[in-house]
There are 2 protein chains.
Amino acid sequence: MVTMRDVAQRAGVSIATVSFLLNDTKPVTAATRARIEQAMLELGYRRNVVARALASKRTRIIAMAYPALEHRFGMSTAEFFTSAAEAARKDDYHLVLWPVGNDGVELRELLGQGLVDGVVLMEVQLDDPRIAVLRQAATPFAMIGRTTELDGLSHVDIDFDTTVEDAVRHLYELGHRELALISGDLDDPRFHAYGPWVRVEEAYRRVAASYGLPVVVLPCSDTTQAGKAATERLLDRHPETTAVLVLNEYAALGVVSGLKRAGHDVPGNTSVLALLSVPETAAMTDPELTMMRTPGPELGQLGTEALIRQLEGADPLPPQLVPAKLSPGATVATPRAPRPKAGAGRRGARKARS
Amino acid sequence: MVTMRDVAQRAGVSIATVSFLLNDTKPVTAATRARIEQAMLELGYRRNVVARALASKRTRIIAMAYPALEHRFGMSTAEFFTSAAEAARKDDYHLVLWPVGNDGVELRELLGQGLVDGVVLMEVQLDDPRIAVLRQAATPFAMIGRTTELDGLSHVDIDFDTTVEDAVRHLYELGHRELALISGDLDDPRFHAYGPWVRVEEAYRRVAASYGLPVVVLPCSDTTQAGKAATERLLDRHPETTAVLVLNEYAALGVVSGLKRAGHDVPGNTSVLALLSVPETAAMTDPELTMMRTPGPELGQLGTEALIRQLEGADPLPPQLVPAKLSPGATVATPRAPRPKAGAGRRGARKARS
DNA sequence: CTGAAAGCGCTTACAG
DNA sequence: CTGAAAGCGCTTACAG
């Protein structure tokens with residue numbers, strides 16, 4: 001292994017000077033620089049990051065903590081990860097993926113080893129036990145997502161309010177008046193206090209009401225199967241529905257299948273709009289899903305930058321909320337003509353308003 | 001930060017003794033052990049992995065090199081990663097995911113930094129340029145997949161021959177005689193020499209011929225869209241097909257959609273069997289895909305173990321090929337009754353044999 | 001069974 | 001602008 005000592009010797013300088021040049025931490029004359037660079041080139045020198053980490057007390061490694069047990073690692077997550085990794089590399093950091101539990105136990109274990117300078121927290125819960133662990137370890141961190149109590153915590157997140165508002169408006173403007181949200185299942189312990197699910201459902205209830213629409217919300221887990229099952233319940237209980245918003249992208253696939261299986265034409269009969277999805281998943285249905293596209297690449301990058309700013313002692317990045325943007329597919333169209341109802345109940349009354 | 005020195009001081013021993021205990025590298029009397037453990041507990045000591053790495057010249061970090069540019073990181077890959085990470089942790093190693101290009105350039109860059117003890121190579125090409133890079137850096141590695149020239153390289157892979165054989169036999173025994181393989185697109189530069197695609201196609205041609213079946217193979221890329229398009233071509237050119245095998249799991253989703261869109265009942269009219277998939281993906285279609293289930297968990301674990309054995313200087317793990325196993329779904333059934341053909345060409349003649 | 005000491009390959013005050 | 005030297009927190013021959 002070629003060390004800094006070898007380079008220094010060959011260049012006829014001290015190892016301190018080599019270090020200064022390499023880190024651009026003190027000025028070096030052009031002549032000296034040339035000699036050192038020449039020596040490095042000739043010897044094929046590569047700085048040892050472990051030694052650097054020990055001496056500088058900074059590993060330049062960032063961990064992305066992902067609760068792989070509780071959340072599936074799918075296409076969306078891959079987007080977050082790859083964009084975060086890219087942002088880290090740009091600033092000469094390594095980003096590594098840590099599949100650790102939601103509860104902070106494994107995280108504490110890992111932090112203790114001193115391997116990472118900071119953590120990007122994924123899939124944040126409203127009251128996330130990992131926060132206390134990170135604070136106790138005095139490890140800088142940034143959240144992709146956010147807790148309820150933010151008090152100055154560095155974070156970026158999806159702007160759920162705008163996303164839901166945009167989604168509902170889109171359907172409303174097409175003429176839809178009988179909407180339903182296939183939401184998350186907050187009874188599931190894994191998702192009990194999962195920010196996106198809580199916030200989307202809240203936003204939807206508010207927005208739908210503000211549009212004077214009936215508020216139909218069905219819980220649903222994060223699988224295609226669950227999406228199918230929820231669709232059956234929906235058709236049974238709210239056959240008047242002309243457009244379905246679906247929170248989870250895998251559930252959205254099941255909603256499309258479920259509707260088609262029930263003899264519905266999508267979107268002729270019923271429109272489907274995925275509230276948070278990515279092109280890869282949206283392309284899996286037939287017809288392709290219309291969706292609000294998760295801003296994964298933006299958030300992965302922003303979250304990492306927010307963390308790195310902390311690590312470098314730079315001005316903190318202000319918290320940012322990025323909305324998912326409408327991405328046209330083929331599952332949303334104008335609503336079917338309303339069919340006469342059997343009984344004229346509450347729903348029928350509302351229907352009359354549209 | 002609590003260091004080994006602190007622990008040693010409190011326990012009234014030298015730091016060497018603490019180290020011996022911690023690493024179980026030299027015997028320590030019960031009394032000494034008790035004192036040290038007590039001290040560690042009281043101080044909340046955690047060994048610094050960076051210092052350990054520098055002193056021992058082993059970081060205990062393993063990188064899983066994944067060509068994220070060329071291959072999608074989906075459910076299947078997540079399985080490999082999580083099972084490999086688990087296997088590594090069991091032996092007190094860290095496994096980190098490295099999204100690096102196929103060509104070895106980024107890999108060389110990363111290896112030079114001395115951050116990892118070894119590499120698990122994913123998505124291996126038949127003649128993989130990364131091998132030379134790893135050899136040159138003298139970095140131990142194991143392949144999940146395999147090159148054409150194996151000369152002793154540590155590897156585990158899918159047993160494509162058995163997988164394809166089992167798949168074809170299953171369909172054959174149900175009575176299917178008109179099969180087609182929606183294969184990979186070997187003209188795509190990303191997959192040009194991609195082991196699984198090449199090997200599956202070869203195996204299929206051999207097995208189909210050995211069963212006396214017509215060999216129908218259509219190239220297809222790794223997307224749902226491509227699967228739909230390939231299905232149109234298939235129905236156009238080989239309407240007699242009663243069962244379709246699909247290599248790529250995302251393409252398989254498109255094949256099901258494509259068949260249904262063309263008015264085919266799946267599996268009543270046409271059966272679909274995904275050759276390499278995972279339950280999460282298989283559940284995305286309606287009906288759910290019948291598949292040969294990718295042995296991701298096994299291979300992730302075996303590949304990591306093979307590497308760790310090298311690192312520890314233990315007996316090498318012999319290369320292992322693990323077949324994908326049939327996992328029942330609802331897209332495979334007995335074939336439809338053959339319809340009379342317009343013209344009685346070559347295919348008609350074959351058909352008569354069944 | 002235990003300890004004193006060298007050393008891993010860097011960074012970083014401190015001095016000049 | 002450059003260098004000598006201490007130190008990061010461990011591991012590991014070597015000695016006893």
| query | Can you find a side-chain donor-acceptor pair between B:Q320 and B:H155 that sits under 3.5 Å? | reply | no
| request: Decide whether A:E37 and A:Y45 meet the rule of one side-chain donor and one side-chain acceptor closer than 3.5 Å. | output: no
| Hey, which of these two, B:K26 or B:A51, hits DNA chain D nearer its 5' end, going by closest nucleotide? | B:A51
| said: Between C1' on D:dG9 and CG on B:L22, what's the gap in Å once rounded to a whole number? | reply: 12 Å
| field | Minimum-distance nucleotide (side-chain atoms of B:I15 versus D:dT11, C:dT11, D:dG3) | value | D:dT11
| query | From the list C:dT12, C:dG7, C:dG9, which nucleotide is the closest neighbour of the side chain of A:A55? | reply | C:dG9
| said: Please pick, from D:dA4, D:dC1, D:dG9, the nucleotide with the shortest atom-to-atom distance to any side-chain atom of A:K57. | reply: D:dG9
| message | Could you tell me how far apart B:Q113 (CD) and C:dG9 (C1') are, to the nearest whole angstrom? | response | 14 Å
| said: Does C:dG3 have OP1 or OP2 under 4.0 Å away from a side-chain N or O of B:T17? | reply: yes
| field | Atom-pair distance (CZ on B:R52; C1' on C:dG9), nearest Å | value | 18 Å
| B:R35 CZ to C:dC1 P: how many Å, rounded? | 15 Å
| query | For D:dA4, which nucleotide in any strand shown is its Watson-Crick or wobble partner with both distances under 3.5 Å? | reply | none
| Between C:dG3, C:dC10, C:dC1, which nucleotide gets closest to the side-chain atoms of A:M4? | C:dC10
| From D:dC10, D:dG3, C:dC10, nucleotide with atom closest to A:Y45 side chain | C:dC10
| In whole angstrom, what separates A:R58's CZ from C:dT11's C1'? | 12 Å
| note | Atom CE of A:M1 and atom P of C:dC10 are separated, to the nearest Å, by 7 Å
| message | Can you see if the side chain of B:S19 gets near the phosphate of D:dT11 - specifically, an N or O under 4.0 Å from OP1 or OP2? | response | yes
| Side chain of A:L54 (C-beta onward), nearest among C:dT11, C:dG3, D:dG9 | D:dG9
| remark: Rounded to whole Å, the CZ-P distance (A:R46 to C:dG9) equals 16 Å
| query | Checking all strands, does A:V13 fall into the base, sugar-phosphate, or nothing category for heavy-atom contacts under 4.0 angstrom? | reply | sugar-phosphate
| said: For C:dT2 and B:T32 - does any side-chain N or O of the residue sit under 4.0 Å from the phosphate oxygens OP1/OP2? | reply: yes
| field | Nearest-angstrom distance from the residue atom CZ of A:R5 to C1' of C:dG7 | value | 10 Å
| message | Let me spell it out: for each of B:T29 and A:F20, pick the nucleotide of DNA chain C with the closest heavy atom. Which residue's pick is nearer the 5' end? | response | B:T29
| task | Report yes if at least one side-chain N or O of A:N23 is closer than 4.0 Å to OP1 or OP2 of C:dT11; otherwise report no. | result | yes
| message | One thing to verify: whether B:D159 and B:R146 come together as a salt bridge, which I'm taking to mean a side-chain N less than 4.0 angstrom from a carboxylate O. | response | no
| query | Is B:R60 salt-bridged to B:D92, cutoff N-O under 4.0 Å? | reply | yes
| Salt bridge check: are A:R89 and B:E109 linked by an N-O gap of less than 4.0 Å? | no
| Salt-bridged, B:R72 to A:E280, with N to O below 4.0 Å? | no
| field | Strand partner of D:dA13, provided both Watson-Crick or wobble distances fall under 3.5 Å | value | none
| task | Ignoring backbone atoms, establish whether A:S14 has a side-chain N or O less than 4.0 Å from OP1 or OP2 of D:dG3. | result | yes
